[in-house]
Number of protein chains: 2
Amino acid sequence: MMKTVPNIRIDIDRLMNRIEALGRIGAMPGGGVCRLALTREDGEGRNLVTGWMRELGLAVSIDRIGNVWGVRAGEQDGPPVMIGSHIDTVATGGLYDGNLGVLAGLEVVTCLNDAGIATRYPVAVAFFTNEEGSRFAPDMMGSAVHQGSLALDTALATVGIDGACVADDLAAIGYAGDVEPESLCPRAFLELHVEQGPVLEREGVAIGAVTGVQGISWTEYTVSGISNHAGTTPMAMRCDAGVVAAKAIVAARETAAHLGGSQVATVGALRFEPGLVNVVPQTAVFTADLRNTDEALLREAERLVEEAIQEAAHAEGATVAARKLARFEPVAFDDRLVSLIEDCAVRQGNSVKRMPSGAGHDAQMFAPNCPTAMIFVPSRDGLSHNIREYTPPEQIRAGAQVLLDAALALASAD
Amino acid sequence: MMKTVPNIRIDIDRLMNRIEALGRIGAMPGGGVCRLALTREDGEGRNLVTGWMRELGLAVSIDRIGNVWGVRAGEQDGPPVMIGSHIDTVATGGLYDGNLGVLAGLEVVTCLNDAGIATRYPVAVAFFTNEEGSRFAPDMMGSAVHQGSLALDTALATVGIDGACVADDLAAIGYAGDVEPESLCPRAFLELHVEQGPVLEREGVAIGAVTGVQGISWTEYTVSGISNHAGTTPMAMRCDAGVVAAKAIVAARETAAHLGGSQVATVGALRFEPGLVNVVPQTAVFTADLRNTDEALLREAERLVEEAIQEAAHAEGATVAARKLARFEPVAFDDRLVSLIEDCAVRQGNSVKRMPSGAGHDAQMFAPNCPTAMIFVPSRDGLSHNIREYTPPEQIRAGAQVLLDAALALASAD
């Protein structure tokens, strides 16, 4: 299918201009961007991007959860090839996370318009409401509603960390649309995104062909021991909740090493009670974050960590209670589309690497319903959700060019 | 020397009446006692005990840091055999910690008075200001000033957790005495105290003949790693401060097992930053509390833990900063006095065990300057600094009898 793609080129200056213009909305004095979902700043950002969609001649739709998409007609009617991501940010966001995927989509459309290319199928560019989940839980809210994995009414009734309600704030910023969210299932879905991790940069690879999104398992463990005087209680008579937690952290690390591959394991939160220098901890509360691209291996990781914690607790005479905080199965992207991304990258002379995504993305909501893939570009120092988030223009250009070529191939395919 | 001791008996009811009367001052509605040093309640408790001293015919002195002692004259003048402890409590104290040692001293004097016994040397009963250190740091303040290891002016200028000043509060409760603290070095010093640990109870032993006080080493470690996304950062690229802390906790436990004997090791406080489920900890701050009766072994424990932390940090690519919070060398009590305690215990048909003290006591301030020893009685469930602190009257009687016999032997010795 690649042979039919004309050789048109991304204009990186035009793309960077749009990225920087959007980044001025919610820009923070010390650097970085704060455009939390459905705030006034988010509304302004939406107006800017929707205005660009209209300037480009796209037919704009706004659905009831505030997702926005603009469609460029094809020679045939029917489902479009959709390019999408999000334009909300975390409180300490940068210019690229989400925004890149949407604005690169607009750059693709601009290129098609300028070259006068009529694609066989329509091409759409979309941004989805509240991908970050920083103000309203859950994250990926708009794409989840759009693809039917979250009920619209539930999403609209969500109350945020500041007491605001999704439905009210959608209306306040003028994005309570009337299109039913599930009215559109694309022909294919593509998302260009910054990696948010260090792999591409460390390995000197330009393009990540994302194979899927890791499954996630979050568990909170509460270890109950016995609080005792650190001086007068002999070691043999202790029931130290902190020692159990420490062994669990070491076990999580060893589990990741043992399983290898994409397995990661993190204990990010931990607190001791009473938390005094001279008192044996009575209680230790900690979290385990386990991720793997393979559901069976993720379950094995869960089992190994759980077993190690129980063993450590048993040795100490302590008890453990577990509470699941989150559990998502891995998402696999469409293998033909992943190969297409690889092909497009290589044709442009880029190094490319098949890799999973360790973070969640709107694309994963589309994967069960239509052929879906993602393109990653490097994140400097692996930083994301950080005001120092950065990807050099040349790397952005390379990623956007792969997006253009892949979208054009899909929109021109038989 | 034991043959010269007449067979006089502790009156446990009289002793318990005094313990309970003192415990009503500062009694809390739900149980337990709160008589923080130099508060109004401490003042009332002092008045009660000082009144009893005067009723018993003791010559009462109050020194400039508020230590109080009452002397029963002997056949000869000169330094007394001193029985002492403290009557301040922690915020959630019980009836026995400190109070027992002072009131058992009064019971000893009462017995001597009732039996009409004239000892060769004077016998004194003392209570020392602010042993607990809950309101003013450091703890053992009064006995430290009394024995010259803390400057009087420094102690008087100490500002407490509530902003109060030692000198002001001493005056306010009427215990800013005019006797120079260092005016009295006893002939010998004895302290009866509850164990505050579980050893005697678990082993079914009635009397602890305390051999000394463990040396204490408190260090705060700050591990600096790199905060990263728990999903997108491969294991090999992590610098996880939490893993270093976890390995340190396990190493502290292993160090105690390796050294055995009296060595204890506790990580009681630990916090992660940023402390989020999906973020690799950037910083881990934790404390290590190491104690041993042997200075060389305590240094070895410090070395082993430090080495393990450095090794864990090196493996992770993290850095560690250490800050000493406290460091006291072990205190050894007088071996002849420890043997005397054992002898007195056995003569009364008690089981007895030589053991170190894991907690600090006023007695340790006297140990460098005069023959000193302590007597422990069991603490139910090892509880102390707890409103459920409890020792049955029969066990208190046994301990007080050993105190009486030992004091009488010392006051009658050649």
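Protein chains get the first letters and strands the later ones, always in sequence-line order, with residue 1 at the start of each. Both backbone and side-chain heavy atoms feed into the values below; hydrogens, waters and symmetry mates do not.
Between chain B and the residues A:A252, A:A257, A:A269, the most heavy-atom pairs under 4.5 angstrom are made by A:A269. Ranked by heavy-atom pairs under 4.5 Å with chain A, the first of B:A236, B:A256, B:A265 is B:A265. Chosen from B:L276, B:I226, B:V277, the residue pairing most often with chain A at heavy-atom distances under 4.5 Å is B:V277. Ranked by non-hydrogen atom pairs under 4.5 Å with chain A, the options B:G360, B:P356, B:G197, B:G268 are led by B:G268. If you tally non-hydrogen atom pairs under 4.5 Å between each of A:P198, A:G242, A:P281, A:A359 and chain B, the highest count goes to A:P198.
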Audit row: A:V243, B:I249, side chain to side chain contact (heavy atoms under 4.5 Å, CB included) steps and yes/no: CA-CA 6 Å; A:V243 167; B:I249 294 172; 4.1 Å; yes
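With sequence neighbours left out, A:A206 forms a side-chain contact (heavy atoms from CB on, under 4.5 Å) with A:N350, A:S351. In this structure, the side-chain contact (heavy atoms from CB on, under 4.5 Å) partners of B:A308, at least two apart in sequence or on a different chain, are B:A251. A search for side-chain contact (heavy atoms from CB on, under 4.5 Å) contacts involving A:A245 returns A:L270, A:F272, A:A284, A:F286, not counting sequence neighbours.
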Using a plain distance cut of 3.5 Å, could you tabulate donor-acceptor pairs between chain A and chain B?
unit_1	atom_1	unit_2	atom_2	d
A:Q196	O	B:T232	OG1	2.5
A:T232	OG1	B:Q196	O	2.5
A:R238	NH1	B:A265	O	3.4
A:R238	NH1	B:T266	OG1	2.5
A:R253	NH1	B:E316	OE1	3.0
A:R253	NH1	B:E316	OE2	3.4
A:R253	NH2	B:E316	OE2	2.7
A:A265	O	B:R238	NH1	3.4
A:T266	OG1	B:R238	NH1	2.5
A:E316	OE1	B:R253	NH1	3.0
A:E316	OE2	B:R253	NH1	3.4
A:E316	OE2	B:R253	NH2	2.7

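Of the two parts of A:V279, only the backbone, made up of N, CA, C and O, holds a non-hydrogen atom closer than 4.5 Å to a non-hydrogen atom of chain B.
Nearest heavy-atom pair, A:V264 versus B:A230, reported as atom, atom and distance to 0.1 Å: CG2-O, 3.5 Å.
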